[in-house]
Amino acid sequence: MSNPVPNVNTYLVQVENRLFKVHRYHLIQESKVFHDMFSVPTEGAEVEGMNDDRPIRLPDVTVKEFELLLNHLYNLLVQSKLYLPWCQQWLIDDLTCSRPCSGNDNARIKANQEDNLSLLGIAHRFVFDGIFQLIVKELEPVTVPLITRIRLGQKYELEEWLVSAYETLLARHESLNLDEAAALGPDRVICFIKARDYIHRERLEIAQEELRQERDRVEHLERRPKSRKRVDNFGDLSWGFSDPKGDHPVASIRMPTTTAAVTRMFFR
């Protein structure tokens, strides 16, 4: 026999093989997808989520992702001090014993990077824009694994993550490996090859210019007459040649283009 949910604002949600009893308040407040889901008229049909025989099913969502989402939403209530009558009951009655943060915890979940990336995924999937933007701000792109940075940067259109990944690739000496090339895709691999070729050619030109100037300086010194002077060496008198300085014009050497500038040139 199915177990009905007495509160019309509380719904049963199935994730994988587990049931969650959740209040819809923050789901519809924070997510356009859930807002539209709960706004669809039923026209006399049995409403999903009212009993465990007919829960609301969320395909392609893991239990871990949904628990992270519930914990985050609970903390939004704690942070905003919205202690509604149903607030604590919402997670206390969670059928999977998903543990809410205690009152002594920080207002935001101090999750590790893996949890933040999982939360980022479900927030994007169900259009929790506020949560998504918050997690993006908390994650420093350079701390995210390179391939993850590329894939999620493309998937979520995170320009800062992609730029960070490109700069990391261009700044190192190693070539692309197969996994990195697959994550970039053919078009960006071509951009990378062009950018790396530009960097190598520029460095070669700068090195050649430095070598030419050094050769000119040496030739100039060899052509200049040497003057003799007495040198006091630890109290002894000896004779040596003075080293002429400062009268050979030296052209300034151009600085190499920064990795950030090269990235802007070839990846935009």
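Quick note: numbers below take in every heavy atom, side chains included, and nothing from hydrogens, waters or symmetry partners. Here, residue 1 is the first one in the sequence, and each next residue gets the next number. Everything numeric here is computed off the predicted structure, so don't read it as measured data.
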Query raised in the report: Without hydrogens or angle criteria, can the side chains of E16 and T62 be said to hold a donor-acceptor pair below 3.5 Å?
Result: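 No, no side-chain donor-acceptor contact under 3.5 Å.
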For [X] against [Y], the heavy-atom pair lying closest together:
| X | Y | result |
| --- | --- | --- |
| A123 | I131 | CB-CG2, 4.0 Å |
| R151 | D179 | NH2-O, 4.3 Å |
| T263 | E167 | OG1-CG, 3.3 Å |
| D53 | R57 | O-NH2, 4.4 Å |
| Q14 | P55 | OE1-CG, 3.4 Å |
| V15 | V61 | CG1-O, 3.3 Å |

Requested in this report: For side-chain contact (heavy atoms from CB on, under 4.5 Å), just list the numbers for F20 and Y11, CA-CA rounded to whole Å, side-chain angles, deciding distance to a tenth of an Å, and then say yes or no.
Outcome: CA-CA 8 Å; F20 292 80; Y11 288 81; over 6 Å; no
When you check the gap from the basic side-chain N to the acidic O, do [X] and [Y] get nearer than 4.0 Å?
| X | Y | answer |
| --- | --- | --- |
| D129 | K32 | no |
| E180 | R172 | yes |
| R212 | E209 | yes |

Query raised in the report: Quick one: salt bridge (Lys or Arg N to Asp or Glu O under 4.0 Å) partners of E140, sequence neighbours excluded?
Result: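 In terms of salt bridge (Lys or Arg N to Asp or Glu O under 4.0 Å), with neighbours along the sequence ignored, E140 is linked to no residue.
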**Report entry** By salt bridge (Lys or Arg N to Asp or Glu O under 4.0 Å) - contacts of E160 (at least two apart)
**Finding:**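 By the salt bridge (Lys or Arg N to Asp or Glu O under 4.0 Å) rule, E160 matches no residue at all.
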Query raised in the report: Should V136 and L158 be marked as a side-chain contact (heavy atoms from CB on, under 4.5 Å) after you check the CA-CA gap, both sets of side-chain angles, and the distance that decides it?
Result: CA-CA 9 Å; V136 168; L158 300 175; 4.0 Å; yes
Are [X] and [Y] packed together at the side-chain level, in the sense that at least one heavy-atom pair is separated by less than 4.5 angstrom?
| X | Y | value |
| --- | --- | --- |
| L73 | L27 | yes |
| L169 | L146 | yes |
| L211 | R215 | yes |
| I122 | L68 | no |

Using atom types as modelled and distance alone, determine if a side-chain donor or acceptor of [X] lies under 3.5 Å from a backbone N or O of [Y].
| X | Y | result |
| --- | --- | --- |
| D197 | I193 | no |
| R149 | W161 | no |
| E202 | T257 | yes |

Query raised in the report: Using the ring of each side chain (for Trp, its six-membered ring), is F128 parallel, tilted or perpendicular to F34, with breaks at 30° and 60°?
Result: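 Ring orientation of F128 relative to F34: tilted.
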Query raised in the report: If Ile, Leu, Val, Met, Phe, Trp and Tyr residues are connected whenever their side-chain heavy atoms lie under 4.5 Å apart, and connections chain through other members, are L117 and F126 in the same group?
Result: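 Yes, one cluster joins them.
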Report task. Tell me whether L184 is reachable from V142 by hopping between hydrophobic residues (I, L, V, M, F, W, Y) whose side-chain heavy atoms are closer than 4.5 Å. Result ->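 Unlinked, V142 and L184 end up in two clusters.
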Report task. Go through the structure and list residues passing side chain to side chain contact (heavy atoms under 4.5 Å, CB included) with I199, not counting sequence neighbours. Result ->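 Here the qualifying residues are L170, R203, V262.
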Query raised in the report: Got a sec, which residues hit side chain to side chain contact (heavy atoms under 4.5 Å, CB included) with E205, two or more places apart in sequence or on another chain?
Result: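 Scan of E205 (side chain to side chain contact (heavy atoms under 4.5 Å, CB included), adjacent residues dropped) gives R254.
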Query raised in the report: How does the hydrophobic cluster around M255 look, that is, which other residues are in it when side-chain heavy atoms under 4.5 Å mark a link?
Result: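 ILVMFWY cluster around M255 holds nothing else.
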Can you tell me how far apart [atom1] ([X]) and [atom2] ([Y]) are? Round to the nearest 0.5 Å.
| X | Y | atom1 | atom2 | answer |
| --- | --- | --- | --- | --- |
| F66 | L58 | CZ | CG | 5.5 Å |
| Q29 | H35 | CD | NE2 | 8.0 Å |
| L69 | E67 | CG | CD | 11.0 Å |
| H124 | K155 | NE2 | NZ | 7.5 Å |
| T148 | L139 | OG1 | CG | 11.0 Å |
| L152 | E157 | CG | CD | 13.0 Å |

Query raised in the report: Taking everything shown except L178 itself, do over 12 heavy atoms lie less than 6.0 Å from its CG?
Result: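 No - once you tally the heavy atoms of other residues, nucleotides and ligands closer than 6.0 Å, there are 12 at most.
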Report task. Scan for ring-ring contact (aromatic ring centres under 6.0 Å, His included) pairs involving residues 168-219, sequence neighbours excluded, and state none if there are none. Result ->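 Output for this query lists Y198-F266.
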